[in-house]
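A quick write-up on the structure given underneath.
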Amino acid sequence: MSPEIQVTVGGSVHVARAGITAGELLKLYGDGVRPIAARVNGQVVDLSRRIETDARVEPVAADSPEGVDILRHSTAHLMAQAVQALYPGTQVTIGPTIEDGFYYDFAPPRPFTVEDLPKIEAKMRELARADLKVERIEMDRDQAIALFDSMNEKYKVEIIRGIPEDRVSLYRQGDWIDLCRGPHVPSTRYLKAFKLTSVAGAYWRGDERNAMLSRIYGTAFPSTEELEEHLRLLEMARARDHRKLGREMELFFFDPIAPGSPFFLPKGALIYNQLIEYIRRLYRRYGFQEVITPQIFKNQLWRTSGHWDMFRENMFLTTDGENASGELDYGVKPMNCPSHCVMYRSEKRSYRDLPIRFADFGRLHRAERSGTLHGLTRVRAMSQDDAHIFCTEEQIAGEIDLNLQMVREVYQTLGFGDIELKLGTMPEKHLGLEQDWHQREELLAVAMRRHGFKFEINPGEGAFYGPKIEIYVPDALKRKWQVATIQLDFNMPERFELEYTASAGTEARPVMIHRAVLGTLERFIGVLLEHTGGILPFWLAPEQVRVLSLSEKVEGYAAEIAQVISAAGFRARADLRNEKLGFKVREAELARIPYMAVVGEREAASRGVSLRRLRGEKSQTLTLEGFVDLLKAEPLPC
RNA sequence: GCCGAUGUAGCUCAACGGUAGAGCAACUGACUUGUAAUCAGUAGGUUGCCAGUUCGAUUCUGGCCAUCGGCUCCA
């Protein structure tokens, strides 16, 4: 006879025999909703978990965050089972859940293609219908190693060898078994709403020196409705892809003649320059001085800065053709910092001069690996709203403050509510003492807290020369892109032997802060387009007003209005084409023009306009003066 | 760079071992228009590039280039 234990389920206490499973308890005393897992004393476990001591047991529903995670993880297992059934000789590696889904990496005899997916999916459905019980098995580590070794699963063996515990858990469904921490659904029948989405290559343990594995991505939801909703959202996100919008809105294009290097068309260049102008206005307020620096430097500069060793693979090298050996003795700049150091060094500096804030919109070129290029978000030719601050150690805190404030202002103005901040801390390869690092990391952390920013720690992700704050913004598909950055640098001033004369008359070394707010303008525009779906704030819209004429009779009046609005300082055009109004409205809507001024004979007679706003249903009638006033009331960022 | 896929008219896409077709855009004309597509006609392509197989390749094969989804790297 088993001893009795006290279990708390759903707020009430019950007496049960020890060894009863969590699933049985929830069935007896639960709220009737069928759970897919249980939470025992806060820990999520299988429903088959036996309860041996007094415990608090709660259900984990399929549609709870933990439930969805289990569902996806179990679906990944189901996929692996299907794959191994269909493609003998395929080894399994790892299969975690990710945001919105899961993946599983395999070492197959030949890489998978999208054509394999329907077959695998069909097999998965078959296995799900078979209602295979998912069992947890615990065994000694050595036993597990022997087992997977006998199955010729060498990746699994390697994984287990890396596990410190003596006991490991495995899960079995039908005749298929995998190493896994769990928990999982009780049986494959619980897996209904899933879909395999794509295949990709991925390196074993994420290291490109290792073997290339074949990864299959998929997703799963508690219900088919949710799955379909998710797929629908993905479809909608694709419509907001900045590459698509760039074409439709005639902002930029790419040509194979310059891979990774956007051509900004007039409208795109307008957005680009408006952003620069905005930042320039802020620079006046925040005390930055804009400078212009060279594009191409002798390699000596890169040797001094350290880019020669750290960044040469990503640099375009060139020559002026004058050295006899034909050696590529010049490099096109990938970053502005070295030239700002040269600029700093061009004069004797005093502590009274600091901080010095050099801002530079110079063009940068980076020889990014071809496979990494991605529209505007990953380019080879770019400009940044880059600046380098030279200051004393005591001034660091104040400078961080200043820049965080600017970051806050800019992202608020541009309507990004969901920026993410991260603190990159000391990497393994680093310069300087550990205690100095911690002190400087704390400086950054304190500043972020003071500004009310929440942030995550990105351990070991600082630059080798100092800790950094990174600011990320998601694109339409929720991929995060780093835009702004604030980095402390104690290395570059050293390499360039930068100095200033301190108040005591002695020479001291300044600290350098690298920072950008929008970051790379190309990337920022890409993210901004996806964020807004192309519906830009008025001041950034390439064409702000389009006057739509109704017939030839009002051509003159329409042209006059466009003229008046242009003269008032706005970007306006008249569409006098011989087309129906509906057609012109449609085109203006697709071009995402904030204001459409419709004029027909009524408006011409009263010297007014019928105003339609972008994505607006109703139109309103205004006088011409009233319209111009309305435009003037549009907020400018600063 | 690596794995997989894709590349046909300006754009979105068809078709096919026997030298390519639609819609939109462009151009011309008619219509004179009231808030997301008026009608008709015309023109537009060495099917990404280079080889190979074949009587014949846009189609099959290989190489290269670019792009897309990932990996790696990173703003």
Side-chain angles (χ1 to χ4, degrees), chain A residues 103 105 108 110-117 197-217 238 241 243-244 247-248 250 253-260 311 313-314 334-335 364 366-379 382-386 461 463 468 470-473 477 479 481-485 487 514 516 518-524 526-527 548-555 577-591 596-603 610-620:
Chain A
Y103 67 79
D105 285 348
R110 63 151 181 96
F112 297 119
T113 75
V114 274
E115 263 108 71
D116 296 319
L117 298 187
T197 49
S198 61
V199 294
Y203 299 104
W204 167 237
R205 301 223 143 129
D207 189 327
E208 65 179 326
R209 287 167 304 193
N210 289 340
M212 174 65 75
L213 304 172
S214 197
R215 175 175 295 181
I216 302 179
Y217 283 92
R238 270 188 266 280
D241 188 314
R243 293 164 295 192
K244 187 169 143 75
R247 243 194 328 272
E248 286 173 5
E250 300 175 322
F253 68 92
F254 288 88
D255 189 287
I257 206 68
F311 210 74
E313 284 72 48
N314 287 308
M335 295 175 191
L364 307 174
R366 298 181 187 174
E368 297 295 345
R369 297 161 92 177
S370 54
T372 64
L373 302 176
H374 183 95
L376 287 184
T377 40
R378 183 75 173 179
V379 293
M382 73 211 86
S383 293
Q384 303 180 324
D385 62 336
D386 194 16
E461 289 299 309
K468 59 183 179 185
E470 298 172 318
I471 291 112
Y472 293 82
V473 172
L477 288 172
R479 291 177 292 212
W481 295 95
Q482 189 189 325
V483 281
T485 183
Q487 309 183 11
H514 307 245
L518 298 178
T520 297
L521 283 149
E522 280 74 6
R523 172 178 291 182
F524 186 80
V527 174
L548 310 180
S549 62
L550 263 159
S551 74
E552 272 176 28
K553 295 185 198 106
V554 294
E555 257 181 30
R577 290 174 308 167
N578 186 8
E579 297 289 351
K580 291 198 166 179
L581 181 61
F583 180 80
K584 294 185 183 184
V585 166
R586 180 182 155 78
E587 289 210 335
E589 284 280 343
L590 289 176
M596 285 157 254
V598 176
V599 296
E601 293 186 71
R602 284 206 298 269
E603 288 76 14
S610 169
L611 183 67
R612 181 193 163 106
R613 286 170 205 261
L614 179 58
R615 308 287 143 100
E617 285 114 54
K618 282 188 291 186
S619 58
Q620 79 191 103

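Letters go in sequence order (proteins before strands), and every chain restarts at 1. Note that this is a predicted model, so its numbers are computed, not measured.
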What does [X] touch in the nucleic acid at a heavy-atom separation under 4.0 angstrom: a base, only the sugar-phosphate, or nothing?
X: A:Lys553; answer: sugar-phosphate
X: A:Gly260; answer: sugar-phosphate
X: A:Gln384; answer: sugar-phosphate
X: A:Val379; answer: base
X: A:Arg243; answer: sugar-phosphate
X: A:Glu603; answer: base
X: A:Phe254; answer: nothing

*What residues form a side chain to side chain donor-acceptor pair (under 3.5 Å) with A:Asn314, not counting sequence neighbours?*
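For A:Asn314 there are no side chain to side chain donor-acceptor pair (under 3.5 Å) partners, ignoring immediate neighbours.
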What is the distance from [atom1] of [X] to [atom2] of [N], rounded to the nearest Å?
X: A:Asp255; N: B:rC65; atom1: CG; atom2: P; answer: 16 Å
X: A:Glu470; N: B:rC73; atom1: CD; atom2: C1'; answer: 13 Å
X: A:Arg369; N: B:rC68; atom1: CZ; atom2: P; answer: 17 Å
X: A:His374; N: B:rC73; atom1: NE2; atom2: C1'; answer: 15 Å
X: A:Leu376; N: B:rU67; atom1: CG; atom2: C1'; answer: 14 Å
X: A:Leu373; N: B:rC71; atom1: CG; atom2: P; answer: 15 Å
X: A:Glu461; N: B:rC74; atom1: CD; atom2: P; answer: 8 Å
X: A:Glu552; N: B:rA30; atom1: CD; atom2: C1'; answer: 12 Å

Can you find a donor-acceptor N/O pair under 3.5 angstrom joining the side chain of [X] to the base of [N]?
X: A:Glu368; N: B:rG1; result: no
X: A:Arg238; N: B:rC68; result: no
X: A:Arg215; N: B:rC71; result: no
X: A:Gln487; N: B:rA75; result: no

*Donor-acceptor pair, side chain of A:Glu522 and main chain of A:Ser383, under 3.5 angstrom*: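 Confirmed, A:Glu522 side chain pairs with A:Ser383 backbone.
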*Check for a donor-acceptor pair, side chain of A:Thr197 on one end and backbone N or O of A:Tyr217 on the other, with a separation under 3.5 Å.*
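Yes, A:Thr197 side chain to A:Tyr217 backbone: donor-acceptor pair under 3.5 Å.
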*If you look only at pairs with a residue in residues 578-587 of chain A, which of them pass as a salt bridge (charged side-chain N to carboxylate O under 4.0 Å, His left out), with sequence neighbours excluded?*
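Residue pairs passing salt bridge (charged side-chain N to carboxylate O under 4.0 Å, His left out), neighbours aside: A:Arg577-A:Glu587.
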*Find which nucleotide of RNA chain B each of A:Arg577 and A:Arg523 is nearest to by heavy atoms, and output the residue with the more 5' nucleotide.*
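Its nearest nucleotide being more 5', the pick is A:Arg577.
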*Report the residue (A:Gly519 or A:Leu611) whose heavy-atom-nearest nucleotide on RNA chain B is the more 5′ of the two.*
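Whichever sits nearer the 5' end wins; that is A:Leu611.
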*Do A:Arg523 and A:Gln482 touch side chain to side chain, with heavy atoms closer than 4.5 Å?*
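Heavy-atom side-chain distance check passes, below 4.5 Å.
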_Pairwise distance CG(A:Asp386) to CG(A:Leu521) - rounded to 0.5 angstrom_ =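 It comes to 10.5 Å.
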*Rounded to the nearest 0.5 Å, what's the gap from CZ on A:Arg612 to CD on A:Gln620? Could you check?*
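One finds 12.5 Å between CZ of A:Arg612 and CD of A:Gln620.
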*Which dot-bracket string fits RNA chain B when only Watson-Crick or G-U wobble pairs with both atom distances under 3.5 Å count, crossing pairs get [ ], and | stands for a partner on a different strand?*
(((((((..((((....[..)))).(((((.......))))).....(((((..]....))))))))))))....
_Check A:Asp207 with A:Arg205, please: is the shortest side-chain N to carboxylate O separation under 4.0 Å?_
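So A:Arg205 does not pair with A:Asp207 through a salt bridge.
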*asked:* Counting primed atoms plus P, OP1 and OP2 as sugar-phosphate and everything else as base, spell out the protein contacts along nucleotides 4-14 of chain B at 4.0 Å heavy-atom distance: B, S or - for each nucleotide, 5' to 3'.
replied: SS-----SS--
*asked:* Treating primed atoms plus P, OP1 and OP2 as sugar-phosphate and everything else as base, which nucleotides of nucleotides 36-50 of chain B get B, S or - for protein heavy atoms under 4.0 Å?
replied: BBB------------
*Nucleic acid contacts - residues 203-212 of chain A versus RNA chain B, non-hydrogen atoms under 4.0 Å*: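 Hits under 4.0 Å, by residue number: A:Tyr203, A:Gly206, A:Glu208, A:Met212.
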*asked:* More than 12 heavy atoms of other residues, nucleotides or ligands under 6.0 Å from CZ of A:Arg110: yes or no?
replied: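 Yes, the 6.0 Å shell around CZ holds more than 12 heavy atoms from other groups.
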